[in-house]
Amino acid sequence: MKKFKSVIILILIFIGVILLGIGLGCKDIFKEIIRHDKKYILTDRPEEPKLQIIDLESTTRPVGVMIDNHNDAWPHAGLNDAYLIYEIIVEGGYTRLFALFKDANTSMIGPVRSLRHYYIDYALENDAVLVRFGNSPKASSDVYSLKVANLDGLINPGNMFWRDSSMTYAPHNAFTSIENIRTQVTKKGYEKEVTDTLLKYSVREIKLNKMEGSIPANNINIKYSYIHNTSYTYDVNSKKYLRTMNKTPHKDRITGEQYSVKNIIVIKVKNYNLVDPENKGRQELDNIGIGDGYYITNGYAVPIKYEKTSRSGKTKYTYLNGEEINVNDGNTYIQIQPINQTLTIE
């Protein structure tokens with residue numbers, strides 16, 4: 001008798017599910033009946049949304065490209081396809097960018113410029129193949145002592161780089177492509193499976209305005225030196241930040257569109273002149289240790305802490321309560337700002 005009642009209940013539940021699906025038109029919802037504690041329970045299992053900025057199931061090894069950021073190198077090409085970009089001070093008060101690509105197929109990236117040794121740390125923490133066009137003496141030494149997977153345009157330029165003299169001049173006109181880079185990665189045997197990412201991404205929108213200590217962040221100005229400022233303006237419609245350098249909109253050479261950014265991380269790091277036999281004012285960066293910063297997205301900023309325990313160790317970004325931050329689904333710029341320069345968020 002009990003078995004008969006159970007069968008009747010099960011049939012009625014199935015009929016109810018069919019009628020409910022027809023009535024609501026729920027074609028995208030996967031429903032099933034499961035047995036739990038001797039009761040029949042109806043559960044919904046909607047398909048989990050996937051990240052757009054990066055495929056977490058991909059095992060493709062990232063590549064990190066050194067990007068010239070002297071004003072004679074503007075406009076850049078291909079940065080719109082990078083999922084993560086660092087901006088750091090170099091000699092002369094200028095900055096250079098380090099752009100990371102994973103599964104993109106970007107046809108033009110650059111201008112590519114020479115390496116400074118502290119950018120190696122950010123290739124290592126992302127397990128990326130480092131791509132550059134030359135290097136400083138210390139960078140050259142560190143690449144080999146640390147056994148960094150790297151591709152240097154000075155060694156074999158014809159197979160990976162080309163010069164574009166239509167808009168600028170050497171050394172500000174060396175370009176490459178993902179296809180060229182991947183070909184050389186294969187030849188050098190640098191391919192490996194990489195599944196871990198530096199940052200944790202959220203498919204659901206992170207709203208910093210609900211967090212303790214949050215402040216409005218519609219306009220951000222990050223001063224690097226007396227000759228270089230990077231700034232961002234929040235666009236409410238796209239929920240992204242439009243990027244500007246030295247009051248000039250930062251635009252792509254190919255598309256002509258101003259670069260937009262979903263997440264901005266600003267951290268303060270001490271820099272000073274490196275003891276360099278060439279005496280060119282190259283910089284040292286005290287990036288190993290603990291420091292302060294901000295995470296900025298969707299028009300708000302919250303104070304954070306960062307910690308990097310070694311050159312190859314992943315930088316950990318946390319809220320002030322110690323919880324590791326998640327970032328919104330979208331590209332991220334990590335602005336490593338000199339500790340003695342002004343950061344304005346308003």
Side-chain angles (χ1 to χ4, degrees), residues 51-54 65 67-89 93-101 104 106 108-111 167-168 199 201-202 205-209 214-225 227-268 293-304 317 325-338 341-346:
L51 288 176
Q52 300 299 309
I53 189 61
I54 197 171
V65 185
I67 302 295
D68 189 350
N69 202 30
H70 190 283
N71 55 292
D72 289 340
W74 302 348
H76 292 117
L79 299 186
N80 46 336
D81 289 340
Y83 69 93
L84 177 61
I85 296 179
Y86 298 82
E87 183 172 15
I88 315 176
I89 193 79
Y94 294 98
T95 67
R96 287 188 189 173
L97 307 174
F98 186 58
L100 286 126
F101 303 82
T106 315
M108 188 177 190
I109 302 171
M167 295 185 68
T168 187
L199 301 173
Y201 297 89
S202 174
E205 201 78 6
I206 296 169
K207 298 180 180 179
L208 298 183
N209 62 309
S214 69
I215 58 174
N218 294 304
N219 295 286
I220 301 107
N221 187 69
I222 306 160
K223 185 177 180 181
Y224 275 88
S225 70
I227 59 170
H228 186 86
N229 277 37
T230 293
S231 58
Y232 294 93
T233 301
Y234 185 56
D235 178 58
V236 178
N237 294 324
S238 67
K239 294 185 177 181
K240 294 181 179 180
Y241 286 88
L242 298 177
R243 183 176 159 87
T244 298
M245 295 190 297
N246 292 349
K247 299 182 179 180
T248 302
H250 190 188
K251 295 184 178 182
D252 186 76
R253 179 182 296 242
I254 306 300
T255 67
E257 295 179 357
Q258 187 172 3
Y259 288 125
S260 60
V261 183
K262 185 64 177 178
N263 306 291
I264 305 164
I265 294 173
V266 186
I267 62 174
K268 293 279 198 171
Y294 282 90
Y295 170 45
I296 304 167
T297 191
N298 289 355
Y300 284 85
V302 291
I304 62 170
Y317 302 97
I325 73 170
N326 289 347
V327 297
N328 273 315
D329 186 4
N331 62 333
T332 303
Y333 272 70
I334 297 179
Q335 307 284 161
I336 300 179
Q337 184 189 24
Q341 297 294 343
T342 305
L343 170 65
T344 304
I345 302 174
E346 56 189 18

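Note that these values count all heavy atoms, side chains included, but never hydrogens, waters or copies made by symmetry.
Taken to the nearest 0.5 Å, the OH atom of Tyr294 stands 10.0 Å off from the CD1 atom of Ile304. To the nearest 0.5 Å, atom OG1 of residue Thr95 and atom CD1 of residue Ile336 are 11.5 Å apart. In this structure, the separation between CG on Asn71 and CD1 on Ile227 is 8.0 Å, given to the nearest 0.5 Å. Rounding to the nearest 0.5 Å gives a distance of 11.0 Å between CZ of Arg96 and CD1 of Ile89. The CG atom of Leu199 sits 5.5 Å away from atom OG1 of Thr332, with the distance rounded to the nearest 0.5 Å. For the atom pair Met245 CE and Ile222 CD1, the distance stands at 11.5 Å (nearest 0.5 Å).
Inter-residue side-chain proximity for Tyr224 and Gln335 is flagged as met; some heavy-atom pair is nearer than 4.5 Å. Annotation: side chain of Ile264 is in contact with side chain of Tyr232 (closest heavy-atom distance under 4.5 Å). By the 4.5 Å heavy-atom criterion applied to side chains, Leu208 and Ile206 are counted as neighbours. For the pair Leu242/Tyr234, no side-chain contact is recorded, criterion being any heavy-atom separation below 4.5 Å from C-beta on. Contact annotation: the side chain of Leu79 approaches that of His250 to within less than 4.5 Å [non-hydrogen atoms, C-beta and beyond]. With a 4.5 Å cut-off on side-chain heavy atoms, Phe98 and Ile88 do not count as touching. You'll find the side chain of Ile334 stays beyond 4.5 Å of the side chain of Ile85, heavy atoms only. The closest side-chain heavy-atom distance from Leu343 to Lys223 is not below 4.5 Å.
Put simply, the side chain of Asn246 never gets that close to the backbone of Thr248: no donor and acceptor are under 3.5 Å apart. At least one donor-acceptor pair under 3.5 Å links the side chain of Ser225 to the backbone N or O of Gly93. Side chain of Glu257 to main chain of Lys251: no donor-acceptor pair is present (N/O by atom type, distance under 3.5 Å, no hydrogens or angles). Listed for the Ser260 side chain is no donor-acceptor partner under 3.5 Å among the backbone atoms of Tyr241. Under a 3.5 Å cut-off, the side chain of Lys262 and the backbone N or O of Lys239 do form a donor-acceptor pair. With Asp329 contributing its side chain and Ile53 its backbone, the two residues share a donor-acceptor pair below 3.5 Å. At distances below 3.5 Å, not a single donor-acceptor pair connects side-chain atoms of Thr106 with backbone N or O atoms of Met108.
For the 3.5 Å distance criterion, the side chains of Asn328 and Thr297 qualify, holding a donor opposite an acceptor.
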Q: Let me see the working for Asn69 and Glu87 under side chain to side chain contact (heavy atoms under 4.5 Å, CB included), right down to the final yes or no.
A: CA-CA 9 Å; Asn69 202 30; Glu87 183 172 15; 3.4 Å; yes

Q.
Could you go through Val266 and Ile296, starting from their C-alpha distance and side-chain angles, then the distance that decides it, and tell me whether this counts as side chain to side chain contact (heavy atoms under 4.5 Å, CB included)?
A. CA-CA 8 Å; Val266 186; Ile296 304 167; 4.2 Å; yes

(Q) Walk me through whether Tyr317 and Ile267 qualify under side chain to side chain contact (heavy atoms under 4.5 Å, CB included). (A) CA-CA 10 Å; Tyr317 302 97; Ile267 62 174; 3.9 Å; yes

Q.
If you apply the rule side chain to side chain contact (heavy atoms under 4.5 Å, CB included), what do you find for His76 with Ile67, and how did you get there?
A. CA-CA 8 Å; His76 292 117; Ile67 302 295; 3.4 Å; yes

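Taking every heavy atom of both residues into account, Ala99 and Ala82 meet most closely at CB-CB, 4.0 Å. Here the closest heavy-atom approach between residue Ala217 and residue Tyr300 is recorded as CB-C, 3.7 Å. Closest approach of Tyr295 and Asn263 over heavy atoms only: OH-OD1, 2.7 Å.
Every residue meeting the salt bridge (Lys or Arg N to Asp or Glu O under 4.0 Å) condition with Arg253, not counting sequence neighbours, appears here in chain and number order: Asp164. Residues passing the salt bridge (Lys or Arg N to Asp or Glu O under 4.0 Å) test with Glu346: none are found, sequence neighbours excluded. Partners of Lys268 according to the salt bridge (Lys or Arg N to Asp or Glu O under 4.0 Å) rule, which considers only residues two or more places apart in sequence or in another chain, do not exist here.
Environment of NZ in Lys240: sparse, with no more than 12 heavy atoms of neighbouring residues, nucleotides or ligands closer than 6.0 Å.
Of the listed residues (Asn331, Asn80, Asp252, Thr244), just one forms a side chain to side chain donor-acceptor pair (under 3.5 Å) with Tyr259, and that residue is Asp252.
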